[in-house]
Number of protein chains: 2
Amino acid sequence: MTTKRPTIDDVARLSGVARVTVSRVLNGGPNVRDEVRARVMQAVEALDYKVNPQARSLAGGASRLLAFVFASDPENEPNSYYESALELGALRACLALGYQVLVQNVPQQTPDRQKRVLDLITTQRCEGLILSPPYSDDVPLIEAALAQGCKVVTVSPGGPGRGKADGVGVDDEAGGYDMTRELLRLGHRRFGFIAGLEGHLSADRRLKGFQRALAEQGLGEGDCVVLRGDFTFRSGTHLAPRLLDHPLAPTALVCANDDMAAGVLSAAHARGLSIPQDLSITGFDDAPVAAIVWPPLTTVHQPVKILGQRAVEMLVARLTGANLAPEPVFLELEHAVVSRQTTTAI
Amino acid sequence: MTTKRPTIDDVARLSGVARVTVSRVLNGGPNVRDEVRARVMQAVEALDYKVNPQARSLAGGASRLLAFVFASDPENEPNSYYESALELGALRACLALGYQVLVQNVPQQTPDRQKRVLDLITTQRCEGLILSPPYSDDVPLIEAALAQGCKVVTVSPGGPGRGKADGVGVDDEAGGYDMTRELLRLGHRRFGFIAGLEGHLSADRRLKGFQRALAEQGLGEGDCVVLRGDFTFRSGTHLAPRLLDHPLAPTALVCANDDMAAGVLSAAHARGLSIPQDLSITGFDDAPVAAIVWPPLTTVHQPVKILGQRAVEMLVARLTGANLAPEPVFLELEHAVVSRQTTTAI
DNA sequence: TCGCTTATTGGAAGCGCTTCCAATGTCGCT
DNA sequence: AGCGACATTGGAAGCGCTTCCAATAAGCGA
């Protein structure tokens, strides 16, 4: 059966020092002679020693545990690229940094969602918390976590979350703006916009950027129809008729994410419309689905996997003291309009 | 800062029993009077006490930690529905059962992949291991984990893995067979098949089912062209020309998963072909992408999220002793052909 | 050369829980 | 009434690690 793993005492014995010294070198403590340090490391190698994280954590050391919380409700949404890409990125970074991440799915309508998250971090002793939208703007949650001494990084905060904790994301407003500028450049003057779920502030910023671009051209509310979806493909198909039959007859449709854009695209196909001749459609995220639908979707790329990776890096920087900035820092990554084949000049 | 959480001693004190008795009721041990048990539970409630999992694990108790290992290489594949759905299902079940799952991504070409997995379970003290393809057929890995006293459940094992550990999956061969029967019923006689990555035995069973269905109709190797992809959309688009230009001129194409089918579909669109008039295409899995592409993809549904859920349930049944079967048990879930719009009679 | 600061090391005490085993109390039966 | 079997409880030890603090060695200026 289970062969017993070597303990810190085995290492201590083999290297001829006290247990506490081994602990010191393992944790990069100061005041250990290089010669001793080397000897200990050698013993660690020889025994293939690995610290027991439970023991370390119990004794008051670092648990090296991070929590990643996301909201999507798996009963309704089939599977969210955004969140699993974030997670994959986080997993990657953790591997390199020696941390573990506990993933928790807390649907937004969960009544005691704040408690669920806080319980996770206290019970499991998580040292860091990664919050994806819409939790990235949940200030009470952020503050409660912070108050417990847990470091927090928000991914794509869109509003107040931004000021309370470190964050990482793209400039969503600029993304919406850039996409819309491109459509304006192509000659479009009558627009549709499908927004995301209420409370997803970063997605609302895409709408803001859209409106700003229109306003710059002297276009206003009369020149666009704004609908609200829930980020799913289905909401795209459901909303499509309201756009397609709207008296304004938009020639271009900007969506707050790719799935909804794909939904409209599908509904348009079902009606026998030609895309982009009859309607230009754009998405946001550059999820795999954007390249998979036909025709491939023009969209705004954001490096989601890297967002996840940076999130844990920022967290770990706080935990190790590598980042001592007194103010929350926000890391803004690049976005880019990716022109594919659902947009055309008018 | 962090308000100290109550410990088991606090509960013991409040309920007027010894620490060990509290431990007993917490772990559902026998030989505790109902009256005492109730009193303890009441104290637990009153204090909002939660056991410290690190301490429990260190003391030799259950860690309630499971590991979920998957292989996809995030550098190449954008994001795999299959694996994230599995994970979501597992997460769900864990929540209900009071377990935690450590997710680990180990690309298949990792040189020391076996060690990576084993280190995870020994270092973190995982009690159970969920293996997704192709690890579900990695017998040395399974046996090594089992030898360490770690329970194992394989998801969609296709071959020998099936005999070594508990498993859950659908009947992939029957799925391939059923799909092909449907195509035969529609009058197709010349076929293409795009297989999955080598070593994914469950996916190979879909090919077996395909071949069996053909053989039953007296069709053989001369009546089909079999290509091997890697489960990605890109491999579908790459392989498409070799099928579309093949002298056999297949009228129906069966793919080992939806992404590859979507790839061929996209390539067909790019060539100006009409699907399904010019070619019937089918996928496997019924991933979200199947409903999103145009036209929506005929495919074989398998309940991936439930697979993940059942996997942890089976694991926990072993861990708690609810399942004492001496032999590995395999749980077979239902699959179903979902006819959408990429298939037509000829 | 001596006292004092600083660098290095180790001893001891737990972290919160479970295990093992001994100590009771209880019951049924002869 | 007396004895063994069993149910119920608690005491003690210790999981593997870190923290705190004391002990020793080394370095330095006067």
Side-chain angles (χ1 to χ4, degrees), chain A residues 2-41 43-44 47-65 98 122-125 127 149 319-320, chain B residues 2-41 43-44 47-65 98 122-125 127 149 319-320:
Chain A
T2 319
T3 347
K4 225 164 139 11
R5 296 215 44 106
T7 75
I8 195 173
D9 287 313
D10 296 319
V11 177
R13 208 169 306 125
L14 182 59
S15 47
V17 298
R19 181 204 300 183
V20 61
T21 302
V22 176
S23 175
R24 245 175 229 119
V25 347
L26 256 24
N27 292 291
N31 302 344
V32 180
R33 270 182 307 150
D34 288 345
E35 186 259 319
V36 173
R37 190 181 300 273
R39 193 142 42 89
V40 169
M41 288 313 290
V44 166
L47 295 170
D48 187 32
Y49 168 78
K50 302 272 195 313
V51 308
N52 177 324
Q54 275 92 15
R56 154 136 66 192
S57 171
L58 180 58
S63 71
R64 311 256 163 118
L65 234 41
T122 61
T123 300
Q124 304 286 333
R125 303 230 168 148
E127 304 178 78
L319 291 171
T320 58
Chain B
T2 318
T3 346
K4 220 162 142 13
R5 294 214 47 105
T7 75
I8 195 173
D9 287 314
D10 296 319
V11 176
R13 208 169 306 126
L14 182 59
S15 47
V17 299
R19 182 204 298 182
V20 61
T21 302
V22 177
S23 175
R24 244 175 231 121
V25 348
L26 256 23
N27 293 289
N31 301 344
V32 179
R33 270 184 307 151
D34 288 346
E35 186 258 318
V36 173
R37 190 181 302 273
R39 193 143 42 89
V40 169
M41 288 313 290
V44 166
L47 296 170
D48 188 32
Y49 168 77
K50 302 273 194 311
V51 308
N52 177 324
Q54 275 92 15
R56 159 147 45 201
S57 171
L58 180 59
S63 71
R64 311 257 164 117
L65 234 40
T122 61
T123 299
Q124 304 286 333
R125 303 230 170 149
E127 304 177 75
L319 291 171
T320 59

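Values in this document were obtained by computation on a predicted structure and should not be read as measured data. Labels below follow one simple rule: chain letters A, B, ... track the order of the sequence lines, proteins then strands, and each chain is numbered from 1.
- As rounded to whole Å, 12 Å separates atom P of C/dG16 from atom CG of B/L58.
- Rounded to an integer number of Å, the gap from CZ of A/R125 to C1' of C/dC15 is 7 Å.
- In this structure, B/D34 atom CG and D/dT9 atom C1' are separated by 15 Å, rounded to whole Å.
- If you check every strand for non-hydrogen atoms under 4.0 Å, A/N31 touches a base.
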Report all side-chain donor-acceptor pairs from residues 50-59 of chain A shorter than 3.5 Å, counting only partners two or more places apart or in another chain.
residue, atom, partner, partner atom, Å
A/K50, NZ, A/D48, OD1, 2.9
A/N52, OD1, A/Q54, N, 2.8
A/N52, OD1, A/A55, N, 3.0
A/Q54, NE2, B/Q124, O, 3.2
A/R56, NH1, A/N27, OD1, 2.7

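- Over its length, the helix from C/dT1-D/dA30 to C/dT30-D/dA1 turns its helix axis by 40°, as judged from the five terminal pairs at each end, rounded to 10°.
- With sequence neighbours left out, the side-chain hydrogen bond (donor to acceptor under 3.5 Å, both in side chains) criterion links B/R37 to no other residue.
- With hydrogens and angles ignored, the 3.5 Å screen pairs a side-chain donor or acceptor of A/S63 with a backbone N or O of A/R125.
- Looking at A/V25, A/V44, A/V17 one by one, the single match for side-chain contact (heavy atoms from CB on, under 4.5 Å) with A/V11 turns out to be A/V44.
- Looking at residues two or more places apart in sequence or on another chain, you find a side-chain contact (heavy atoms from CB on, under 4.5 Å) between B/A62 and B/R64, B/E127.
- Going from atom CG of A/D10 over to atom P of D/dG16 covers 9 Å, rounded to whole Å.
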For every nucleotide of nucleotides 18-24 of chain C, 5' to 3': is a protein heavy atom under 4.0 Å from its base (B), only from its sugar-phosphate (S), or from neither (-)? BB-----
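- For B/T7, the side-chain contact (heavy atoms from CB on, under 4.5 Å) partners are B/D9, B/D10, not counting sequence neighbours.
- Between D/dG10 and B/T21, a contact under 4.0 Å exists linking OP1 or OP2 to a side-chain N or O.
- One interatomic measurement links the two molecules: CZ of B/R5 to P of C/dC15, which rounds to 17 Å at whole-angstrom precision.
- The distance from atom CG of A/N52 to atom P of C/dG16 is 16 Å, rounded to the nearest whole Å.
- In this structure, A/E35 atom CD and C/dA7 atom P are separated by 19 Å, rounded to whole Å.
- Here the C1' atom of nucleotide C/dG10 and the CZ atom of A/R33 are 13 Å apart, to the nearest Å.
- Of the possible donor and acceptor atoms, none in the side chain of B/R19 sits under 3.5 Å from a partner among the backbone N and O of B/A12.
- When all heavy atoms of B/S23 and B/I8 are compared, the pair lying nearest together is N-CD1, 3.7 Å.
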